[in-house]
Amino acid sequence: MGYAQLVIGPAGSGKSTYCSKLHEHCTTVGRNIHIINLDPAAENFDYPVAMDIRELVSLDDVMEELGLGPNGGLLYCMEHLEDNLDDWLTEELDNYLDDDYLVFDCPGQIELFSHVPVLKNFVDHLKRKNFSVCAVYLLDSQFMTDVTKFISGCMSSLSAMVQLEVPHVNILSKMDLVAKKKDLEDFLNPEPQVLLSELNQRMAPQFAKLNKSLVELVDNYGMVSFVPLNLRKATSISYVLAQIDTCIQYGEDADVKIKDFDPEDED
């Protein structure tokens, strides 16, 4: 069995930086991972690219030949990837062993993991190739400054969870840039009644029923919780990686190593 992280989230949430620091951390601890670029608009990388969608399709070429804008061109590129899952992607995946660990750095267009089926079909293809997949959803912690943005982030994350149907880890990225970390504590372990009270204070009275429904939805889906990540701290990266490894059962099928010993050496 292979293992894979699908790194998703809004544009600017720090997905590529996360992939770079994760590769750096794993190299330091002697763990082998492979980073794959799925963003046809990406240009510069701080990590070695093991596989690159730009070898299949170029966003610049698509925009020039079809007269599409950046967003439309990117969607066309991703649909082209979807059409070549059994050809290009399968051939690329054959270069890796059964126990390899792949990390897919995805584009930041929200529609790709909210309602367009491209990434869903991509994940299903990985499953058919015997990969255990976890979606890693990054959200910029600097935007989690009030209850309305928190609810918005939860809804976006929940949409991706429902769409992709794989184990899911939500990460608050860029924690090292947050000046007042205490402001985020209420959102790491949210109390439903507190959220509802704050929502009602910020919203007009006619939204009271909607606020109640939203808070109940977040509360019922208790899995919509966020893990803070500070990329400057190795312990923080290790903790997040451990959460993801647990989701995909990484290492659980490894052989147990029993150390031989000489009974005469016992005290």
Side-chain angles (χ1 to χ4, degrees), residues 2-15 18-19 36 38-39 71 74-75 77-79 81-83 85 89 102-141 143-144 147-173 187-192 195-196 199 203 207 209-229 240 243-250:
Y3 305 91
Q5 291 185 30
L6 195 70
V7 183
I8 59 177
S13 58
K15 296 183 294 297
Y18 163 80
C19 291
I36 290 90
L38 286 187
D39 186 356
N71 194 59
L74 186 139
L75 288 176
C77 291
M78 299 306 292
E79 290 173 352
L81 170 65
E82 182 181 10
D83 293 336
L85 292 178
L89 182 61
L102 308 183
V103 179
F104 294 91
D105 187 4
C106 299
Q109 273 67 14
I110 294 180
E111 57 266 37
L112 292 175
F113 44 85
S114 61
H115 60 277
V116 175
V118 173
L119 288 184
K120 166 63 176 173
N121 293 332
F122 181 84
V123 167
D124 289 342
H125 183 81
L126 290 178
K127 289 179 180 179
R128 289 193 296 271
K129 293 300 180 180
N130 203 30
F131 276 86
S132 179
V133 185
C134 176
V136 181
Y137 185 95
L138 269 67
L139 193 65
D140 191 338
S141 58
F143 292 99
M144 302 288 279
V147 66
T148 56
K149 293 179 181 178
F150 172 74
I151 293 295
S152 176
C154 286
M155 293 299 101
S156 177
S157 171
L158 181 57
S159 177
M161 293 171 65
V162 173
Q163 172 79 358
L164 297 177
E165 297 181 325
V166 292
H168 201 97
V169 174
N170 296 303
I171 295 176
L172 278 184
S173 62
F187 301 132
L188 295 178
N189 297 290
E191 291 291 338
L195 293 179
L196 180 58
L199 270 179
M203 306 290 286
F207 293 107
K209 290 184 178 180
L210 175 61
N211 293 340
K212 186 174 184 295
S213 297
L214 288 173
V215 171
E216 288 178 349
L217 181 61
V218 172
D219 187 39
N220 290 336
Y221 282 83
M223 62 192 78
V224 185
S225 58
F226 293 89
V227 180
L229 173 62
V240 167
Q243 299 296 309
I244 299 169
D245 289 346
T246 299
C247 288
I248 58 179
Q249 299 180 318
Y250 175 75

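Keep in mind that what you see is a predicted model, and the values were worked out from it rather than measured. Just the heavy atoms: all of them, side chains too, but no hydrogens, waters or symmetry mates, feed the values below.
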Engineer: If we only count heavy atoms from C-beta on, is the Ile8 to Leu164 side-chain gap below 4.5 Å?
Structural biologist: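 Touching, per the 4.5 Å side-chain cut-off.
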Engineer: Could you give the distance from CG (Leu119) to CD (Gln109), rounded to the nearest 0.5 Å?
Structural biologist: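 If I round to the nearest 0.5 Å, the distance is 10.5 Å.
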Engineer: Considering all heavy atoms of both residues, which atom of Tyr18 and which atom of Ile171 are nearest to each other, and what is their separation?
Structural biologist: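 Taking Tyr18 first and Ile171 second, the nearest heavy atoms are CE1-CD1, 4.3 Å.
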Engineer: Measure the spacing between CZ of Phe122 and CG of Leu89 and express it to the nearest 0.5 Å.
Structural biologist: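 One gets 5.0 Å once the value is rounded to the nearest 0.5 Å.
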Engineer: So Met78 and Pro107, do their side chains get closer than 4.5 Å, heavy atoms only?
Structural biologist: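 Counting from C-beta outward, Pro107 and Met78 do come under 4.5 Å.
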Engineer: Run Val136 and Leu138 through side chain to side chain contact (heavy atoms under 4.5 Å, CB included) and show every step you take.
Structural biologist: CA-CA 6 Å; Val136 181; Leu138 269 67; 3.6 Å; yes
Engineer: Kindly give the heavy-atom pair with the smallest separation between Val133 and Val166, and that separation in Å.
Structural biologist: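 Where Val133 meets Val166 most closely, the heavy atoms are O-CB, 3.8 Å.
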Engineer: Kindly compute the distance separating CG (Asn211) from OG1 (Thr148), expressed to the nearest 0.5 Å.
Structural biologist: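 If I round to the nearest 0.5 Å, the distance is 10.0 Å.
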Engineer: Take Val218 and Met155, measure what side chain to side chain contact (heavy atoms under 4.5 Å, CB included) needs, and give me the verdict at the end.
Structural biologist: CA-CA 8 Å; Val218 172; Met155 293 299 101; 3.7 Å; yes
Engineer: Rounded to the nearest 0.5 Å, what's the gap from CD on Glu191 to CG on Leu196? Could you check?
Structural biologist: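 Interatomic distance, Glu191 CD to Leu196 CG, rounded to 0.5 Å: 12.5 Å.
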Engineer: With salt bridge (Lys or Arg N to Asp or Glu O under 4.0 Å) as the test, would you mind laying out the steps for Asp124 and Arg128 before giving the verdict?
Structural biologist: CA-CA 6 Å; Asp124 289 342; Arg128 289 193 296 271; 5.4 Å; no
Engineer: Take Ser157 and His168, measure what side chain to side chain contact (heavy atoms under 4.5 Å, CB included) needs, and give me the verdict at the end.
Structural biologist: CA-CA 9 Å; Ser157 171; His168 201 97; 3.6 Å; yes
Engineer: Counting distance only, does the side-chain N/O of Lys15 pair as donor-acceptor with the main-chain N or O of Gly9 below 3.5 Å?
Structural biologist: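 Checking the backbone N and O of Gly9 against the side chain of Lys15, a donor-acceptor pair under 3.5 Å is found.
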Engineer: More than 12 heavy atoms of other residues, nucleotides or ligands under 6.0 Å from NZ of Lys127: is that the case?
Structural biologist: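 Buried by this count: over 12 neighbours within 6.0 Å.
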Engineer: Is a donor on one side and an acceptor on the other found under 3.5 Å between the side chain of Lys120 and the backbone of His115?
Structural biologist: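 Looks like no, no N/O pair under 3.5 Å.
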Engineer: Return the minimal non-hydrogen interatomic distance between Pro10 and Phe113, and the atom names on each side.
Structural biologist: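 Residues Pro10 and Phe113, closest heavy atoms: N-CZ, 4.1 Å.
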Engineer: Taking all non-hydrogen atoms of both residues into account, name the closest pair between Leu139 and Gly153 and its distance.
Structural biologist: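 Scanning both residues, the minimum pair turns out to be CD2-CA, 3.8 Å.
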Engineer: Taking the side chain as every heavy atom from C-beta outward, state whether Asp39 and Asp105 have any pair of such atoms under 4.5 Å apart.
Structural biologist: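 The answer is no, as the side chains (C-beta and beyond) never meet within the 4.5 Å cut-off.
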Engineer: When rounded to the nearest 0.5 angstrom, what distance separates CZ in Phe104 from CG in Leu6?
Structural biologist: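 Phe104 CZ to Leu6 CG: 7.5 Å, rounded to 0.5 Å.
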Engineer: Is it true that a side-chain atom of Ser114 and a backbone atom of Ser159 form a donor plus acceptor pair closer than 3.5 Å?
Structural biologist: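 Judged by distance alone, no pair lies under 3.5 Å.
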Engineer: Counting only heavy atoms from other residues, nucleotides and ligands, does the tally under 6.0 Å from CD of Glu111 exceed 12?
Structural biologist: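 Above 12, so yes.
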Engineer: Taking atom NZ of Lys212 and atom CG of Leu210, what is their separation to the nearest 0.5 Å?
Structural biologist: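 Reported to 0.5 Å precision, the distance equals 12.0 Å.
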Engineer: With side chains defined as the heavy atoms from C-beta onward, is the minimum distance between Phe207 and Leu199 less than 4.5 Å?
Structural biologist: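 Counting from C-beta outward, Phe207 and Leu199 never come under 4.5 Å.
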Engineer: Does a side chain donor of either Tyr137 or Ser156 reach within less than 3.5 Å of an acceptor in the other side chain?
Structural biologist: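 Present: a donor and an acceptor within the cut-off.
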Engineer: Show your working on side chain to side chain contact (heavy atoms under 4.5 Å, CB included) between Leu112 and Leu75 and close with a plain yes or no.
Structural biologist: CA-CA 8 Å; Leu112 292 175; Leu75 288 176; 3.5 Å; yes
Engineer: I'd like to know if the side chain of Asp219 and the backbone of Val215 have a donor-acceptor N/O pair within less than 3.5 Å.
Structural biologist: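 A pair under 3.5 Å: no.
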Engineer: Which heavy-atom pair separates Asp140 from Ser173 by the least distance, and what is that distance?
Structural biologist: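 So the two residues come closest at CA-OG, 3.6 Å.
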Engineer: Do Tyr3 and Cys134 have side chains that get closer than 4.5 Å, going by heavy atoms?
Structural biologist: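 Of all side-chain heavy-atom pairs linking Cys134 with Tyr3, none is under 4.5 Å.
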